[in-house]
Amino acid sequence: MPEGHTLHKLARDLSDLFGGQVVRVGSPQGRFADSAALLDGTTLVGADAIGKHLFVEFEAGRFVHVHLGLIGKFDVYVVPPGPPVGQVRLRIATDRGHADLRGAPTCELVTREQIDEIQASAGPDPLRAEQDPGRAWAKIHRSGRAIGSLLMDQHVLSGVGNVYRAELLYRHKLHPLRPGNTLRRSQWVAMWADLVELMTDGVRTGRIDTVRPEHTPEAMGRPPRVDDHGGEVYVYRRSGMDCLVCGSRVRTAVLEGRNLFWCPRCQRPFRSRAVR
DNA sequence: TCAAGATGATCAG
DNA sequence: TGATCCTCTTGAT
């Protein structure tokens with residue numbers, strides 16, 4: 001589930017397990033073998049995330065940059081390592097635990113300067129302190145692009161993926177195809193505050209829950225359900241199912257190659273009254 | 001056993 | 001806009 005909260009939780013877990021420790025670093029699959037050899041037996045300083053980018057810092061100013069893409073996984077285990085299972089690109093290990101990276105399109109050694117470049121081009125990240133949501137607003141309110149597209153653009157906003165996009169738009173009663181330049185600043189301020197709260201919760205729990213207590217199936221007198229991505233949501237991957245609030249069929253479409261989900265009644269075009 | 005699909009991003013045309 | 005990369009799971013055959 002590689003949205004921003006996943007990477008921030010990973011950074012925290014890696015720092016907790018390996019921070020300040022001399023670690024063994026390897027690449028069982030072999031594609032990161034040369035770089036891993038440089039890091040093997042050195043001290044892992046800590047890890048940090050910027051949006052969907054993860055940076056693991058080692059001594060001597062060496063950083064591993066990981067991007068999980070659509071299918072990558074970085075699993076952290078608090079048990080000593082056993083034989084690698086599957087295509088493990090990168091393994092970090094001590095006698096206390098290990099972490100295995102699989103499927104990531106990006107796993108590379110980078111310098112501090114390269115990290116600064118990535119950070120400079122990234123939009124504000126709701127999960128980092130002292131971020132300026134006004135930088136995102138400056139792009140949104142000048143753009144005729146769909147808000148559903150702008151929210152996913154990592155140069156506009158860092159860390160939001162398909163699930164948070166669908167759910168944030170639902171919670172703010174915004175149709176995903178509504179142009180960014182038709183939004184009011186007050187709407188964006190509320191959306192940013194909501195993102196900070198939802199994503200912070202996601203880091204804590206490791207899942208995406210967006211349904212307000214008054215809208216849970218239990219509160220609405222409906223049978224409980226389980227979403228297969230491990231979280232309680234309003235519309236994401238619920239196409240053809242009934243909206244939890246109004247009962248309309250949730251719709252789906254493809255926007256810029258990605259699946260879009262919305263409720264046609266709760267999220268009418270050019271209306272913005274909040275669900276709350 | 002095989003193909004499709006998945007919570008991303010980049011590049012060529 | 002479509003192709004490509006990366007891996008694993010699920011469902012169809």
Side-chain angles (χ1 to χ4, degrees), chain A residues 1-11 27-33 35-36 49-55 64-77 84-91 99-108 110 114-115 117-123 125-127 145-146 148-171 176 195 198-203 205-211 226-240 250 252-262:
Chain A
M1 301 173 229
E3 299 205 20
H5 71 300
T6 305
L7 282 302
H8 281 266
K9 184 174 190 304
L10 258 174
S27 179
Q29 178 210 46
R31 291 186 50 183
F32 191 64
S35 299
I50 299 170
K52 297 172 187 170
H53 299 270
L54 175 72
F55 302 98
V64 176
H65 172 213
V66 171
H67 196 294
L68 295 177
L70 189 60
I71 59 174
K73 277 188 178 174
F74 207 166
D75 295 314
V76 180
Y77 308 91
V85 176
Q87 298 287 310
V88 177
R89 173 89 50 84
L90 165 67
R91 167 173 280 187
D100 285 346
L101 174 69
R102 298 180 182 85
T106 303
C107 175
E108 59 184 2
V110 295
Q114 288 172 294
I115 295 174
E117 286 174 19
I118 291 169
Q119 183 158 27
S121 70
D125 179 347
L127 290 172
R145 288 168 62 200
S149 174
L150 290 163
L151 290 176
M152 293 272 282
D153 184 337
Q154 302 299 299
H155 299 295
V156 174
L157 192 61
S158 285
V160 171
N162 210 358
V163 186
Y164 281 120
R165 164 178 74 170
E167 296 301 302
L168 184 74
L169 291 173
Y170 181 88
R171 286 167 64 96
L195 269 180
L198 287 174
M199 294 179 75
T200 300
D201 199 47
V203 175
T205 63
R207 44 185 270 173
I208 299 178
D209 289 293
T210 60
V211 176
V226 177
D227 288 312
D228 60 6
H229 60 278
E232 196 75 39
V233 296
Y234 283 107
V235 290
Y236 175 72
R237 272 206 219 167
R238 288 179 53 79
S239 53
V250 173
T252 185
V254 174
L255 173 65
E256 296 179 3
R258 306 300 304 281
N259 296 323
L260 200 57
F261 305 89
W262 77 98

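Below, each value reflects all heavy atoms present in this structure, side chains not excepted, and no hydrogens, waters or symmetry copies. Letters A, B, ... are given to chains in the order of the sequence lines, protein chains preceding strands, and every chain is numbered from 1.
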Given A/Glu232, which partner from the list A/Ile208, A/Val211, A/Thr210 fulfils the side-chain contact (heavy atoms from CB on, under 4.5 Å) test? A/Val211

Assign the ring pair A/His5 / A/Tyr164 to parallel, tilted or perpendicular, where the plane angle (0 to 90°) is split at 30° and 60°. perpendicular

Using a 4.0 Å heavy-atom cut-off, does A/Glu256 contact any base of the nucleic acid, only the sugar-phosphate backbone, or nothing at all? nothing

Any N/O pairs under 3.5 Å between the protein and nucleotides 4-6 of chain B? List them or say none.
unit_1	atom_1	unit_2	atom_2	d
B/dA6	OP1	A/Asn259	ND2	3.2
B/dA6	OP2	A/Asn259	ND2	3.4

Residue pair A/Ala146 / A/Leu255: nearest heavy atoms and the distance that separates them: CB-CD2, 4.5 Å

Classify the nucleic acid contact of A/Gly161 as base, sugar-phosphate or nothing, counting any heavy atom under 4.0 Å across all strands shown. sugar-phosphate

Between A/Tyr236 and A/Asn162 the two heavy atoms that sit nearest each other are CD1-O, 4.1 Å

So what does A/Arg165 touch, heavy atoms closer than 4.0 Å: a base, only the sugar-phosphate, or nothing? nothing

Taking C/dA3 as the reference, what is the distance to B/dA4 when you measure between their P atoms (whole Å, please)? 13 Å

To the nearest 0.5 Å, how far apart are CG in A/Leu7 and CG in A/Asp125? 9.5 Å

Remember a base hit wins even if backbone is also touched, and classify A/Gln29 as base, sugar-phosphate or nothing at under 4.0 Å, heavy atoms. sugar-phosphate

Over how many whole Å does the gap from A/Glu3 atom CD to B/dA9 atom C1' extend? 14 Å

Between A/Gln29 and A/Arg89, do the side chains contain an N or O donor and an N or O acceptor separated by less than 3.5 Å? yes

Excluding sequence neighbours, so at least two apart, what forms salt bridge (charged side-chain N to carboxylate O under 4.0 Å, His left out) with A/Arg91? A/Asp100

Students should find this one: the first and last nucleotides of DNA chain C, 5' to 3', lying under 4.0 Å from a heavy atom of chain A. What are they? C/dC6 to C/dC8

Suppose we screen for side-chain contact (heavy atoms from CB on, under 4.5 Å). Which residues come up paired with A/Ser27, at least two apart in sequence or across chains? A/Phe32, A/Ala33, A/Ala36

So CE of A/Met199 and CD of A/Glu3: to nearest 0.5 Å the spacing works out to 7.0 Å

Name all stems that contain residues of DNA chain C, defined as runs of 3 or more consecutive Watson-Crick or G-U wobble pairs, both distances under 3.5 Å. B:1-6 with C:7-12, B:8-12 with C:1-5

State which residues pass side-chain contact (heavy atoms from CB on, under 4.5 Å) with A/Glu117; sequence neighbours excluded, sorted by chain then number. none

Nearest-Å distance once atom P is located in both B/dT10 and C/dC8: 23 Å

What are the two closest non-hydrogen atoms of A/Cys107 and A/Leu101, and how far apart are they? SG-CD2, 3.7 Å

